[in-house]
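For ligands, and for the atoms within them, numbers begin at 1 and follow the listed sequence.
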Amino acid sequence: MNTQQITPGMIHVINGPNLNMLGKREPEIYGALTLDQINGELKKRAEALGLSLDFFQSNHEGEILDYIHAAFEQGPAGVIINPGALTHTSVALRDAMSMLSCPIVEVHLSNIHKRETFRHTSMIADIATGQLTGFGHYGYRMALDYLHALAG
Ligand code: DQA
């Protein structure tokens, strides 16, 4: 899913570990749509809004950091990120995200604040522009609409 073709002014849609399993993974929590379906809808909406998206998913923390570094070098317009479980654990992810000066929207399909206590902490919440949690796949779309409103 990493296109490697990062151009300036892009919005980066980053998904972390296990999110490649959406559709099959605990659908009662995360919904029935696959990540490809979610990204497909997002792409259509971005095209209609005149925005360019680059999609990246990885199960590997280091790959996500490398991707963020590459995005940083190009000057991103915005980032939509669902870091999966790395949300709750990764100082390295936080440090990489801290380099970015663009708007950052943190998205979670489930409402992390209604779940186990260990999910209530996000390592990136205070460096993100905002957090959308519990709106299922609509959260990604809401994030895109927000970034579009900023761009407009
Ligand atoms: C998640 C919530 C995280 O706690 C979990 O580890 C995930 C998905 C969500 O989208 O609801 O992998 O980020």
Which residue and atom name correspond to the protein heavy atom nearest [atom], and how close is it?
atom	answer
atom 1 (C) of ligand 1	H108 ND1, 3.7 Å
atom 11 (O) of ligand 1	S110 OG, 2.6 Å
atom 8 (C) of ligand 1	Y30 CE2, 3.5 Å
atom 4 (O) of ligand 1	H88 NE2, 2.7 Å

Of the backbone atoms (N, CA, C, O) and the side-chain heavy atoms from C-beta on, which set of [X] has a member under 4.0 Å from an atom of ligand 1: side chain, backbone, both, or neither?
X	answer
L109	both
R25	side chain
R119	side chain

Determine, using heavy atoms of N82 and all atoms of ligand 1, whether some pair is separated by less than 4.0 Å.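 Yes, that is the case, since the closest heavy atom of the residue is under 4.0 Å from the ligand.
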NE2/H69 to CG/L100 distance, rounded to the nearest 0.5 angstrom? 9.0 Å
Within 6.0 angstrom of M99 CE, more than 12 heavy atoms from elsewhere: yes
side-chain contact (heavy atoms from CB on, under 4.5 Å) between L22 and Q37: does it pass, once the steps are laid out? CA-CA 10 Å; L22 287 179; Q37 288 170 326; over 6 Å; no
Would you check, one step at a time, whether the test side chain to side chain donor-acceptor pair (under 3.5 Å) holds for N15 with Y140? CA-CA 11 Å; N15 281 281; Y140 293 94; 2.6 Å; yes
Hey, are K43 and D36 close enough for a salt bridge, meaning a charged N less than 4.0 Å from a carboxylate O?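 So K43 does not pair with D36 through a salt bridge.
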Ligand 1 to V107 polar contact by distance, N or O atoms, under 3.5 Å: no
Ring geometry between F118 and H88 (parallel below 30°, tilted from 30 to 60°, perpendicular above 60°):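 Perpendicular: the ring planes of H88 and F118 meet at over 60°.
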Residue list, salt bridge (charged side-chain N to carboxylate O under 4.0 Å, His left out) with R141, at least two apart or on another chain: none
